[in-house]
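Each remark here refers to the structure printed beneath this line.
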There are 2 protein chains.
Amino acid sequence: MNVGEPGEETMAVRLVAALRDEIVTLRLRPGDAISESDIAARYGISRQPVREAFIRLAQQGLLLIRPKRATVIKKISPDGVRQSRFIRESIEVEIVRRVALCADGAAADQLNALIAEQEQASEIHRFHELDEEFHRTLARIAGVEYAWRLVEDHKIQLDRVRYLTLGVSSQQRAIAEHKIIVAAVSNGDAAESEAAMRDHLARAEHLLSQTIADYPDYFEPVDEALEVAL
Amino acid sequence: MNVGEPGEETMAVRLVAALRDEIVTLRLRPGDAISESDIAARYGISRQPVREAFIRLAQQGLLLIRPKRATVIKKISPDGVRQSRFIRESIEVEIVRRVALCADGAAADQLNALIAEQEQASEIHRFHELDEEFHRTLARIAGVEYAWRLVEDHKIQLDRVRYLTLGVSSQQRAIAEHKIIVAAVSNGDAAESEAAMRDHLARAEHLLSQTIADYPDYFEPVDEALEVAL
DNA sequence: GTAGCGATTCTTGTATGGTAGATGAGCGCC
DNA sequence: GGCGCTCATCTACCATACAAGAATCGCTAC
């Protein structure tokens, strides 16, 4: 297992990226136990950098470190997914509101260029990259790129679910919705922009409960009180 | 220096709380350099737990670890403060929107009880506690307590500024604004609730530039492009 | 066959030593 | 006197060793 170029960043930082990828793509599955020693052996390093990577991942909500017991890949929490969506919607709605109020022609051009690229993209991986780039660009235009990094940190919870439902994505629809958003912000219409973004983010909502039914082992148990809200 | 009861959590976790407090209260001042060895000696432990505490604090944006060089208390970033406010406003606005749509009588009672307590509170520390409790209660009613913890994590940037401006707070005004918010959500008026929350959060805006002028050493330099936005 | 107890073997937490790189002081050279 | 190099010293990074709690397997007693 390669862990990136040796020399640039510290080993611990590279490990975070590597493990994060393994978790999102479910090569490390929710509920799996991993030990510092195992990972250290797999990567041919000592326990210490592994330990530090674990700390970072635990703070991101991906690992659960149980002192003196074990460290496990956190199961996907349906309530966590719901609240991650809440966070994302809160911030992205506010972003497009601001973009609508301050966007100029150059901004619209950037966004349209990304959409054009997305229409060309054939493979799904590239499509998702461009999707991320579209949203990040909106954040940059609004001047809150740091806030977007925050969304990215929490989007990983949503990404694990998305990875389970690959194939059902409707790329054409996503592109159409992006166009609606750009049109609204270009007109400087904050209310319309907000509505368009809410629509766009609400798209995948109904998939979650089906996914839980398909992969119950990957999810934390839900108490009935929340079930209706999902 | 006491670091809390020995036995419950790990030393590293207790250190995080202790150092965090020292940073917010500016006993550790922005720009100060601290080394693993120093802190380890001060607390009478080894370097390893200190190191892990540093990692956690760095991820929270309070420390800047410069490999092979030194670790310093991050200076307050005016742009970071601005974006932390953006994050807070985004989420809190969305919270009151939802509370307005789902709040019942019991919820309003809880909020009113907190306001009543706040009117009695004499010392400023207790007042701020109740202020936090008010906002956290709103989040709980909306069912997004986790999202609020996120706001708290970033509020620490704002708290350092607030610590510099103690005394100028206008408690009566804050209470009045809380009442307006409760009235709006009780009426189920989402738009009015949103507006009231935006007003409430905008209160301390003008203080930042004055604070930067008073304590320039505690802040990162600002590029002129941003100055107008503060 | 089963329940209960104990040693073994996991796990993470902490301590310490050694290493590479960056910084800054002091000296020599221009 | 001022500029540049060398070296001592500091830093965080990584490796290794030890400690302590938790879980599990296996034995023993019933």
Side-chain angles (χ1 to χ4, degrees), chain A residues 1-20 22-23 28-75, chain B residues 1-20 22-23 28-75:
Chain A
M1 170 72 53
N2 194 353
V3 66
E5 303 302 312
E8 264 312 299
E9 302 154 312
T10 69
M11 186 63 71
V13 170
R14 273 176 288 153
L15 250 188
V16 169
L19 291 176
R20 196 181 155 102
E22 288 199 53
I23 293 173
L28 287 175
R29 293 171 307 175
D32 280 0
I34 59 179
S35 81
E36 297 174 358
S37 319
D38 282 352
I39 304 295
R42 272 178 50 192
Y43 286 87
I45 56 179
S46 85
R47 268 184 52 213
Q48 206 53 48
V50 176
R51 179 175 172 72
E52 297 173 4
F54 278 19
I55 290 175
R56 290 180 164 91
L57 291 167
Q59 261 195 335
Q60 295 178 16
L62 293 177
L63 294 184
L64 179 63
I65 301 177
R66 295 185 302 170
K68 310 293 179 64
R69 244 155 302 185
T71 297
V72 299
I73 314 292
K74 255 193 136 178
K75 294 200 175 188
Chain B
M1 171 71 56
N2 193 356
V3 66
E5 304 301 315
E8 263 314 298
E9 301 153 311
T10 69
M11 187 62 72
V13 170
R14 273 176 288 154
L15 248 189
V16 169
L19 290 176
R20 194 179 155 102
E22 288 198 53
I23 293 173
L28 286 176
R29 291 171 307 174
D32 280 0
I34 59 179
S35 80
E36 298 176 356
S37 319
D38 283 352
I39 304 296
R42 271 178 51 191
Y43 286 88
I45 56 180
S46 84
R47 298 189 333 258
Q48 202 54 47
V50 176
R51 177 175 174 70
E52 298 177 1
F54 278 17
I55 290 175
R56 290 180 163 90
L57 291 167
Q59 247 191 347
Q60 295 178 17
L62 293 177
L63 294 184
L64 180 62
I65 300 177
R66 296 185 302 170
K68 309 295 175 63
R69 249 155 299 182
T71 297
V72 300
I73 315 291
K74 255 195 137 177
K75 293 199 175 186

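Keep in mind that the numbers below use all heavy atoms, side chains included, and drop hydrogens, waters and symmetry copies. We name chains A, B, ... by the order of the sequence lines, and we start the count at 1 in each one.
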Sub-4.0 Å heavy-atom contacts from residues 44-52 of chain B onto DNA chain C, ordered by number: I45(B), S46(B), R47(B), Q48(B), P49(B)
Nucleic acid contacts - residues 57-73 of chain B versus DNA chain C, non-hydrogen atoms under 4.0 Å: K68(B), R69(B)
Touch class at under 4.0 angstrom, heavy-atom based, for I34(B) against every strand present: sugar-phosphate
Pairs meeting criterion salt bridge (Lys or Arg N to Asp or Glu O under 4.0 Å) with involvement of residues 44-60 of chain A, two or more places apart: E36(A)-R47(A), E36(A)-R51(A), R51(A)-E52(B), E52(A)-R51(B)
Covered region of DNA chain D, 5' end to 3' end, by chain A [heavy atoms, under 4.0 Å]: dC13(D) to dA23(D)
4.5 Å side-chain heavy-atom contact, L19(A) and Y43(A): yes
Atom NZ of K75(A): over 12 foreign heavy atoms under 6.0 Å: yes
Range on DNA chain C touched by chain A - first to last nucleotide, heavy-atom distance under 4.0 Å: dT11(C) to dA15(C)
Carboxylate-amine/guanidinium proximity below 4.0 Å for R42(B) and E22(B): yes
With sequence neighbours excluded, residues passing side-chain contact (heavy atoms from CB on, under 4.5 Å) with R69(B): R66(B)
Nearest non-hydrogen partners of L15(A) and A53(A), listed with the distance: CB-CB, 3.8 Å
Those residues that, when tested against Q48(A), pass side-chain hydrogen bond (donor to acceptor under 3.5 Å, both in side chains) (two or more places apart): none
Results of side-chain contact (heavy atoms from CB on, under 4.5 Å) for A58(A) - residues two or more places apart only: L63(A), I65(A)
Sole residue of D32(A), L62(A), L64(A) in side chain to side chain contact (heavy atoms under 4.5 Å, CB included) with I73(A): D32(A)
Side-chain heavy-atom pair I39(B), I45(B) within 4.5 angstrom cut-off: no
Heavy-atom side-chain proximity of I34(A) to L28(A) below 4.5 angstrom: yes
Any residue meeting side-chain contact (heavy atoms from CB on, under 4.5 Å) with D38(B), in chain and number order, not counting sequence neighbours: S35(B)
